[in-house]
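Here's the structure, in structure tokens; my notes come after.
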Amino acid sequence: MCLKYAFNDLRSRKKDTSFFSEEIIGFLLNENQTKSLRNVTVLAGLAVNTSPMPDYIFCNMKLRWSDSPMLCSNSIAMNVDYDTGKITSRDKMEVQEFKNTALSYVFRFNSLQMLLLCWDKEISDADLMENKIVLEHQYPYKILEPSGNSELSRCTSEATYHHEKIIDVAWGQSTMDEISFMRGTFTEEYQKYMSFVESEWSKEEKHLAEEHPR
């Protein structure tokens, strides 16, 4: 499905498709061809909105695609000060370079987000393996296997859900989750609740100390 979307998009934009071999073109146009190609890697994850901004503010998020997504080599947020809540973003986004990349696409359909990466046909086994290792361990996506049995995890954060073309690293996703949590905990209502909880816990600690003296 991803390959056919990409092929139609390339044709509609009249891009250079000289890197497509007859083998790939045949695969794209043959509905009965289901065997995966060696030089095509497809990753998938679940696009979940963890942002306080609802989908309708950014229009319909259910079907989106774009070519050449930016796969970061480091997290978008550089540092979080847990005492003040100050967030320091990375000044310059670092892009991960992959060997022998022919084209790349990102697709979102409902809650499914997929990355399509096509490598040069002559890519060596060593380079292909190196690319897959980086993809598998650096990003919150699952490389889809021919068996069709893959357990998907969330691949988006508060930042990347609304910008599907930015593919953040796995640890960047966890950092953004912490930022979202901190934003929620620093509200006036939450602070009042936490003050109440701390007060009650102090009373309980005092009671326990009297009941169980050391």
Side-chain angles (χ1 to χ4, degrees), residues 2 5-6 9-10 13 15-16 19 39-55 57-59 61 63-108 112-120 123-124 126-143 152-186:
C2 288
Y5 259 114
D9 188 50
L10 287 166
R13 297 188 190 189
K15 288 188 176 182
D16 178 23
F19 57 82
N39 59 321
V40 173
T41 302
V42 181
L43 302 93
L46 299 176
V48 179
N49 186 8
T50 60
S51 166
M53 303 295 285
D55 287 0
I57 292 180
F58 292 87
C59 301
M61 305 287 291
L63 177 60
R64 304 179 70 161
W65 69 86
S66 57
D67 64 343
S68 305
M70 185 180 72
L71 284 85
C72 301
S73 64
N74 213 329
S75 61
I76 298 172
M78 185 169 62
N79 182 56
V80 181
D81 189 326
Y82 293 94
D83 293 326
T84 64
K86 181 181 179 181
I87 303 162
T88 305
S89 300
R90 201 167 295 280
D91 293 333
K92 184 178 181 181
M93 301 291 285
E94 301 175 18
V95 180
Q96 178 67 45
E97 299 293 339
F98 291 95
K99 296 179 179 179
N100 302 102
T101 305
L103 68 85
S104 57
Y105 268 79
V106 59
F107 298 88
R108 183 179 297 173
L112 175 67
Q113 185 155 307
M114 307 184 80
L115 288 176
L116 167 69
L117 296 106
C118 292
W119 319 106
D120 295 333
I123 186 173
S124 67
D127 288 345
L128 183 60
M129 180 61 67
E130 181 179 329
N131 287 348
K132 286 188 174 182
I133 288 174
V134 174
L135 289 167
E136 187 173 10
H137 292 90
Q138 190 158 295
Y139 302 98
Y141 285 81
K142 176 69 175 179
I143 296 180
L152 305 184
S153 59
R154 175 169 57 92
C155 63
T156 55
S157 67
E158 181 175 327
T160 57
Y161 180 80
H162 296 301
H163 303 280
E164 76 285 348
K165 197 167 182 175
I166 300 176
I167 311 300
D168 200 4
V169 293
W171 54 93
Q173 181 190 60
S174 60
T175 302
M176 291 303 303
D177 286 348
E178 291 184 24
I179 291 171
S180 300
F181 175 76
M182 288 176 63
R183 185 180 290 112
T185 58
F186 275 85

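The figures here come from the full heavy-atom set of this structure, side chains too, leaving out hydrogens, waters and symmetry mates.
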What's the verdict on side-chain contact (heavy atoms from CB on, under 4.5 Å) for Lys142 and Ser153, showing C-alpha distance, side-chain angles and the deciding distance? CA-CA 8 Å; Lys142 176 69 175 179; Ser153 59; over 6 Å; no
Do Gln173 and Asp168 come close enough that some side-chain heavy atom pair is under 4.5 Å? no
Are Thr41 and Ile143 packed together at the side-chain level, in the sense that at least one heavy-atom pair is separated by less than 4.5 angstrom? yes
Locate the shortest heavy-atom distance separating Cys155 from Gly45; write the atom from each residue and the value. SG-C, 3.6 Å
For Asn39 and Trp119, indicate whether the former's side chain and the latter's backbone hold a donor-acceptor pair under 3.5 Å. yes
Taking salt bridge (charged side-chain N to carboxylate O under 4.0 Å, His left out) as the definition, give me every residue that meets it alongside Lys99, ordered by chain and number, with sequence neighbours left out. Asp127, Glu130
Which heavy atom of Lys165 sits nearest to which heavy atom of Ser68, and what is that distance? CE-O, 3.2 Å
Could you state the interatomic distance from CG (Leu128) to CG (Asn100), rounded to the nearest 0.5 Å? 9.0 Å
Between Ala102 and Asp120 the two heavy atoms that sit nearest each other are CB-OD1, 3.7 Å
With a 4.5 Å limit on heavy-atom distance, are the side chains of Pro69 and Glu164 in contact? no
If you look at every heavy atom in Ser75 and Gly172, which pair is closest and at what distance? CB-CA, 3.4 Å
Taking only residues two or more places apart in sequence or in another chain, which ones pass side-chain hydrogen bond (donor to acceptor under 3.5 Å, both in side chains) with Asn49? Asp55
Just verifying a value: how many Å separate Met176 CE and Trp171 CH2, rounded to the nearest 0.5 Å? 15.5 Å
Hey, are the side chains of Leu43 and Tyr139 touching, using non-hydrogen atoms and a 4.5 Å cut-off? no
Residues that Ser104 engages under side-chain hydrogen bond (donor to acceptor under 3.5 Å, both in side chains), provided they are two or more places apart: none
CD1 of Ile123 to SG of Cys118: how many Å apart, nearest 0.5 Å? 11.0 Å
For the residue pair Gln96 / Gln138, report whether a side-chain donor-acceptor contact shorter than 3.5 Å exists. yes
Please answer whether the main-chain N or O of Val48 pairs with a side-chain N or O of Thr156 as donor and acceptor at a distance below 3.5 Å. yes
Between atom CG of Asn74 and atom NZ of Lys92, what is the distance when rounded to the nearest 0.5 Å? 13.5 Å
Would you find a donor on one side and an acceptor on the other, under 3.5 Å apart, between the side chain of Arg108 and the backbone of Tyr161? yes
Do the non-hydrogen side-chain atoms of Leu71 and Leu135 ever get within less than 4.5 Å of each other? yes
Tell me, yes or no, whether the heavy-atom count around Met129 atom CE, taken from other residues, nucleotides or ligands under 6.0 Å, exceeds 12. no
With a 4.5 Å cut-off on side-chain heavy atoms, are Asp177 and Arg154 touching? yes
Closest non-hydrogen atom pair between Leu112 and Ala44, with its separation: CD1-CB, 4.0 Å
To the nearest 0.5 Å, what is the distance between NZ (Lys132) and NE2 (His137)? 13.5 Å
Output for pair (Arg64 CZ, Gln113 CD), nearest 0.5 Å, gives 9.5 Å
